[in-house]
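Computed from a predicted structure; not experimentally measured.
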Amino acid sequence: FNVKEKHKMQVSLLVFKCKWPQFDKCVSLLIYTGPEGEKAWPKKYPFCGGVFQSPIDFHKDILQYDSNLLPLEFIGYNVSSTDQFTLTNNGHSVKMYLSPTMYIRNLPFEYTASQLHLHWGNRNKSEGSEHTISGKHFAAELHIVHYNSEKYPDIMTAMDKADGLAVLAILLEIGPFNPSYEKIFRHFRNVKYKDQTVQVPGFNIRELLPDRLDEYYRYEGSLTTPPCYPSVLWTVFRHPVKISQKQLLALETAMYCTESDDPEPLEMVNNFRNVQEFHERLVFTSFHEGKLYEHFYVKKQCIINLKY
């Protein structure tokens, strides 16, 4: 396979560790997971090399305030503890399937919840968020994935459509212990290896969101893993949620990309995609940002003065 020089040593080491019958699995793993494999994605998944890709960096030059952006309305997010979510290790993240009775409004369509998953770094560099703000990475990032249930019967049908998906992104940073996130994190020991699953008692998924739900970034982008379909309407909340250092360490060290019978399991770390080029898009904000608001006010005044 054709890889750049800086990746050749890593490829050789990975191949050396693999039995030949498992070779395809190992190569697939290298291409699919983490920042090291991103350059190879477009070879197998052309959309990954296209436009409208995510994640992005939110910086003042691309932001525009939109007074029409409303707080999202969450329906059915408070799930009874007698119901259960299925948590699984899918080989590149930990994913929890959500109740089909959960959905969100105040978007162009009604979107039904499908699953949530996380992205993180490693124990030596806790900068695992996918989106960044003015170049700043956060410790980790939670995505809650929904599909357009007004137009499509299920997520598989919707995922490659331009208006198919809506994803909520929550930036995570270090702070006090978070009991709401612990409702998921405490089950990680049961999904250490690829394809393992565990049942999680239902709880109010809104607890995972920041207190300020009215302030967010909104833009059109893509899935951040192959096949990178440009089908996502992103809502990235402005205010991060805090989890403890111990909780983050559990996330960074709890799981492996490989199956339980692998003699040399591969740690699941750095499963975030690097920031993508923005290609003249705009990010709309539901909030005024000091410098941003001043910039547009001055621009507006200049236009008025030119007219009159």
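- By the 4.0 Å N-to-carboxylate-O rule, Lys161 lies too far from Asp163 to be salt-bridged with it.
- Partners of Ser149 under the side-chain hydrogen bond (donor to acceptor under 3.5 Å, both in side chains) rule, at least two apart in sequence or in another chain, are Thr112.
- With Phe138 as reference, Ile133 is the one residue of Ile174, Val241, Ile170, Ile133 to meet the side-chain contact (heavy atoms from CB on, under 4.5 Å) rule.
- With sequence neighbours left out, Lys242 forms a side-chain hydrogen bond (donor to acceptor under 3.5 Å, both in side chains) with Glu173.
- For the pair Leu223/Tyr45, no side-chain contact is recorded, criterion being any heavy-atom separation below 4.5 Å from C-beta on.
- Here the two rings, on Phe287 and Tyr217, have centers that are under 6.0 Å apart.
- Residues satisfying the side-chain hydrogen bond (donor to acceptor under 3.5 Å, both in side chains) test with Asn78, not counting sequence neighbours, are none.
- Each disulfide (SG to SG under 2.5 Å) pair with one or both residues in residues 167-232, not counting sequence neighbours, appears once here: Cys48-Cys228.
- Checked against ring pair (Phe, Tyr, Trp, His ring centres under 6.0 Å), Tyr111 has no partners two or more places apart in sequence or in another chain.
- Annotation: side-chain hydrogen bond (donor to acceptor under 3.5 Å, both in side chains) contacts of Tyr219 (sequence neighbours excluded): Ser54, His131.
- Note on Asp66 versus Arg218: no salt bridge recorded, every NZ/NE/NH1/NH2 to OD/OE distance being 4.0 Å or above.
- Pairing each heavy atom of Leu118 with each of Trp120, the nearest pair is O-CZ3, 3.4 Å.
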Could you go through Asp160 and Phe47, starting from their C-alpha distance and side-chain angles, then the distance that decides it, and tell me whether this counts as side chain to side chain contact (heavy atoms under 4.5 Å, CB included)? CA-CA 10 Å; Asp160 63 347; Phe47 284 108; over 6 Å; no
